[in-house]
Amino acid sequence: MDWKNRFYSLVCLSAVFLLMACSVSYKFNGASIDYSKTKTIQIADFPIRASYVWGPMEALFNNELKDQFANHTKLIQVKRNGDLKIEGEIMQYQQRNKSVSAEGYSAQTELSMTVNVRFTNNTNHAEDFERSFTATSSYETTQSLNAVQEELVTEMTKNICDQIFNATVANW
């Protein structure tokens, strides 16, 4: 009977060592960056080039974009000569009637924001691109734009920054 106890002890000990030796790593941020080649990112401030503007939009967008990369990658943000470079401008910010009520008045208004992005990958120029990203959000016309603008612009900014992140480093 002593040999059975030793056998079970050996099996259990082997299982513990095997489990300790194995490790599984998951990344839920979607970034697929080879950190041995790519260590830095340069994110320029995006100026507003739209004819219609909301003052805080530029700072809100620029901070969100930089935070997105700071929070979801190990890339070091630099002022110049980055391995990756993102620059562009906020090209359009507009509102339009989305739906009409039975009385013939506007029932919903759609707000949209478009950002033009130039991406340069100095470690692999085959991934360079220039592309526009757009997000929209709607609100009831019974509300004033001033009452909902900050919330809607914040929502659209997050959406566009997610699109830019996915297009540049997630390779989706």
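Values in this document were obtained by computation on a predicted structure and should not be read as measured data.
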field: CA sep, side-chain torsions, deciding dist, call: Ser144, Asn146, side chain to side chain donor-acceptor pair (under 3.5 Å)
entry: CA-CA 5 Å; Ser144 73; Asn146 287 339; 5.3 Å; no
message: Tyr139 vs Gln95, test: side chain to side chain contact (heavy atoms under 4.5 Å, CB included). Steps then yes/no.
response: CA-CA 10 Å; Tyr139 65 97; Gln95 59 179 338; 2.8 Å; yes
message: Tell me whether Phe119 shares a hydrophobic cluster with Phe165, the cluster being built from Ile, Leu, Val, Met, Phe, Trp, Tyr side chains joined at under 4.5 Å.
response: yes
message: Regarding Arg96 and Glu110, does a basic nitrogen lie under 4.0 Å from an acidic carboxylate oxygen?
response: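 Judged by the 4.0 Å cut-off on N to carboxylate O distance, Arg96 and Glu110 do form a salt bridge.
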- request: Identify whether the distance between the nearest side-chain nitrogen and carboxylate oxygen of Glu140 and Lys98 falls below 4.0 Å.
  value: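 The answer is no: the pair does not qualify as a salt bridge.
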Sidechain-backbone polar pair: [X] side chain, [Y] backbone, donor-acceptor under 3.5 Å:
{"X": "Asp83", "Y": "Lys39", "answer": "yes"}
{"X": "Asn116", "Y": "Ile90", "answer": "no"}
{"X": "Tyr93", "Y": "Trp54", "answer": "no"}
{"X": "Asp128", "Y": "Asn121", "answer": "yes"}
{"X": "Thr120", "Y": "Asn122", "answer": "no"}
{"X": "Gln77", "Y": "Lys66", "answer": "yes"}
{"X": "Glu89", "Y": "Ile48", "answer": "no"}

task: Would you please test Phe69 and Leu84 for side chain to side chain contact (heavy atoms under 4.5 Å, CB included) and show each step?
output: CA-CA 11 Å; Phe69 284 87; Leu84 303 179; 5.7 Å; no
task: Evaluate the criterion side chain to side chain contact (heavy atoms under 4.5 Å, CB included) for residue pair Ile41 and Val78; output intermediate values, then yes/no.
output: CA-CA 6 Å; Ile41 186 166; Val78 296; over 6 Å; no
Under 3.5 Å side-chain donor-acceptor pair for [X] and [Y]:
{"X": "Asp162", "Y": "Gln68", "answer": "yes"}
{"X": "Thr134", "Y": "Thr114", "answer": "yes"}
{"X": "Asn159", "Y": "Gln163", "answer": "yes"}

